[in-house]
Amino acid sequence: MRRKIKRKKNDGRGNIAEFFLEMLFWIPELLLFPIRMVVWLMRGIGKIIKDIFDIV
């Protein structure tokens with residue numbers, strides 16, 4: 001006779017290990033995103049200033 005293996009139902013909640021793994025990916029993104037935005041902003045402003053001087 002076969003025995004049925006009872007499996008835990010996953011009700012949408014992860015375990016602690018999954019949470020920490022997720023945090024390991026998100027922390028560097030949250031730290032680098034503002035720096036990346038400032039760099040993009042400076043590059044955009046620099047291109048606009050360059051175009052203004054090219055017109056003159």
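Please read all numbers here as calculations on a predicted model, not as lab measurements. Computed from heavy atoms alone, side chains included, the values below leave out hydrogens, waters and symmetry copies. In this chain, residues are counted from 1 in sequence order.
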**Student:** Using 0.5 Å steps for rounding, measure from the CD1 atom of Ile16 to the CD atom of Glu18.
**Tutor:**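 The distance works out to 10.0 Å.
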**Student:** Calculate, to the nearest 0.5 Å, the distance between atoms CH2 and CE belonging to Trp26 and Met23 respectively.
**Tutor:**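 Reported value, rounded in 0.5 Å steps: 8.5 Å.
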**Student:** Which ILVMFWY residues are connected to Ile45, directly or by a chain of links, through side-chain heavy atoms under 4.5 Å apart?
**Tutor:**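 Members besides Ile45, by chain and number: Leu41, Ile49, Phe53.
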**Student:** Give, for atom CZ of Arg43 and atom NZ of Lys50, the distance between the pair rounded to the nearest 0.5 Å.
**Tutor:**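 Reported to 0.5 Å precision, the distance equals 11.5 Å.
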